[in-house]
Amino acid sequence: MNPRTTHVDHELIQAAAHVARTRCRGDHHTMAAAARARDGRIVTAVNAYHFTGGPCAELVLIGTAAAQGAYDLDTIVAVGDRERGVVPPCGRCRQVLLDYFPTLQVIVGADDRLRAVPIAGLLPESYVWADHQLDAD
């Protein structure tokens with residue numbers, strides 16, 4: 001196993017797949033995401049597609065988790081509807097996830113190649129917003 005990968009949380013994948021199968025309907029909701037909070041809770045969400053750029057499931061999940069008091073996420077996965085399986089986060093989601101949760105693990109890959117990788121590994125040489133903020137002194 002690659003030292004930068006960690007254990008794959010299959011319960012998390014199953015939770016996202018269940019939401020994708022049972023809650024995604026039509027063109028408005030096509031992706032589901034599930035994340036495990038540091039306290040062990042699983043939070044789920046779906047995307048809100050709109051031609052103007054509605055939020056991805058991962059972004060909806062950040063707000064849903066906060067609404068439930070889960071501010072520290074450990075691992076996240078996105079799953080497509082119609083049995084599309086695990087889908088990696090888009091570029092915007094990668095950047096937001098890195099900024100909110102710099103130690104987050106992201107489940108990526110397909111079938112027997114599933115793996116959990118650090119969010120920073122999905123954005124090599126990334127811009128880290130917090131590193132570029134001026135001190136308030």
Side-chain angles (χ1 to χ4, degrees):
M1 177 182 285
N2 180 331
R4 299 203 63 195
T5 64
T6 61
H7 169 74
V8 173
D9 188 336
H10 289 281
E11 183 182 19
L12 204 57
I13 297 168
Q14 291 170 354
H18 174 74
V19 171
R21 205 172 28 260
T22 60
R23 301 292 183 239
C24 290
R25 299 282 189 258
D27 293 337
H28 297 300
H29 309 292
T30 59
M31 294 290 299
R36 187 174 299 278
R38 293 249 185 247
D39 65 9
R41 284 183 288 165
I42 292 177
V43 178
T44 60
V46 298
N47 69 319
Y49 176 80
H50 190 265
F51 73 90
T52 62
C56 296
E58 295 94 332
L59 300 183
V60 173
L61 188 133
I62 291 170
T64 301
Q68 295 177 17
Y71 297 100
D72 195 8
L73 302 181
D74 181 60
T75 307
I76 193 168
V77 65
V79 173
D81 67 346
R82 294 169 279 177
E83 306 299 325
R84 289 184 289 144
V86 172
V87 177
C90 72
R92 177 178 67 168
C93 287
R94 291 175 192 214
Q95 184 67 55
V96 173
L97 290 169
L98 176 69
D99 291 335
Y100 272 71
F101 312 104
T103 62
L104 184 72
Q105 295 290 310
V106 182
I107 298 173
V108 295
D111 303 324
D112 62 341
R113 297 183 321 270
L114 290 171
R115 61 200 182 283
V117 299
I119 185 63
L122 296 179
L123 277 173
E125 301 298 325
S126 59
Y127 173 85
V128 178
W129 183 82
D131 291 348
H132 300 278
Q133 300 312 297
L134 299 175
D135 290 335
D137 297 337

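Because the structure is predicted, anything quoted here is derived from the model rather than measured.
Annotation for Glu58 and Ala78: closest pair OE2-CB, 3.4 Å, computed over non-hydrogen atoms. In this structure, Cys56 and Cys93 approach most closely via the heavy-atom pair CB-SG, 3.4 Å. Contact record, Thr64 with Ala45: OG1-CB, 4.1 Å, taken as the closest heavy-atom pair. Shortest non-hydrogen contact noted between Ala37 and Ala70 is CB-CB, 3.9 Å. Smallest separation of non-hydrogen atoms from Pro89 and Leu97: CB-CD1, 4.5 Å.
Interatomic distance, Asp99 CG to Asp131 CG, rounded to the nearest 0.5 Å: 9.0 Å. Atom CD1 of Ile76 and atom CD1 of Ile62 lie 6.5 Å apart (nearest 0.5 Å). In this structure, CD in Gln95 is found 9.0 Å from CD1 in Ile119, a value given to the nearest 0.5 Å. Atoms CZ and CG, from Arg25 and Asp81 in turn, are 10.0 Å apart once rounded to the nearest 0.5 Å. Separation of atoms CG (Leu122) and SG (Cys90) is listed at 11.5 Å; rounding is to 0.5 Å. Between the CG atom of Asp9 and the CG atom of Asp74 there is a distance of 8.0 Å, given to the nearest 0.5 Å.
Counting heavy-atom neighbours within 6.0 Å of Arg41 CZ, excluding the residue itself, gives a total above 12. Residue-environment remark: CG (Asp27) stays at or below the threshold of 12 foreign heavy atoms within 6.0 Å.
Put simply, Leu59 and Val87 are part of two different groups of oily side chains (I, L, V, M, F, W, Y) that touch within less than 4.5 Å, one to the next. The cluster map of Ile, Leu, Val, Met, Phe, Trp and Tyr, joined by side-chain heavy atoms under 4.5 Å apart, puts Ile13 and Leu73 in different clusters. Grouping the Ile, Leu, Val, Met, Phe, Trp and Tyr side chains by contacts below 4.5 angstrom, directly or via other members, places Val117 with Leu61. Note on Leu12: it clusters hydrophobically with Leu114, by side-chain heavy-atom contacts below 4.5 Å among ILVMFWY residues. The hydrophobic clustering, which links ILVMFWY residues whose side-chain heavy atoms are closer than 4.5 Å, places Phe101 and Leu98 together.
Remark: of the listed residues Val106, Val8, Ile42, Ile107, Ile107 is the sole one forming a side chain to side chain contact (heavy atoms under 4.5 Å, CB included) with Thr75.
Side chain of Asn47 to main chain of Thr30: a donor-acceptor pair is present (N/O by atom type, distance under 3.5 Å, no hydrogens or angles). With hydrogens and angles ignored, the 3.5 Å screen pairs no side-chain donor or acceptor of Arg82 with any backbone N or O of Gly80.
Looking at Arg84 and Met31, their side chains come closer than 4.5 Å, going by heavy atoms from C-beta outward. Proximity of Gln105 to Arg36: side-chain heavy atoms (C-beta onward) are nowhere separated by under 4.5 Å.
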| task | Might you work through the side-chain contact (heavy atoms from CB on, under 4.5 Å) test for Arg21 and Glu83, ending with a clear yes or no? | result | CA-CA 7 Å; Arg21 205 172 28 260; Glu83 306 299 325; 3.5 Å; yes
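Residues satisfying the salt bridge (Lys or Arg N to Asp or Glu O under 4.0 Å) test with Arg92, not counting sequence neighbours, are none. Considering only residues two or more places apart in sequence or on other chains, Arg94 meets the side chain to side chain donor-acceptor pair (under 3.5 Å) condition with none of them.
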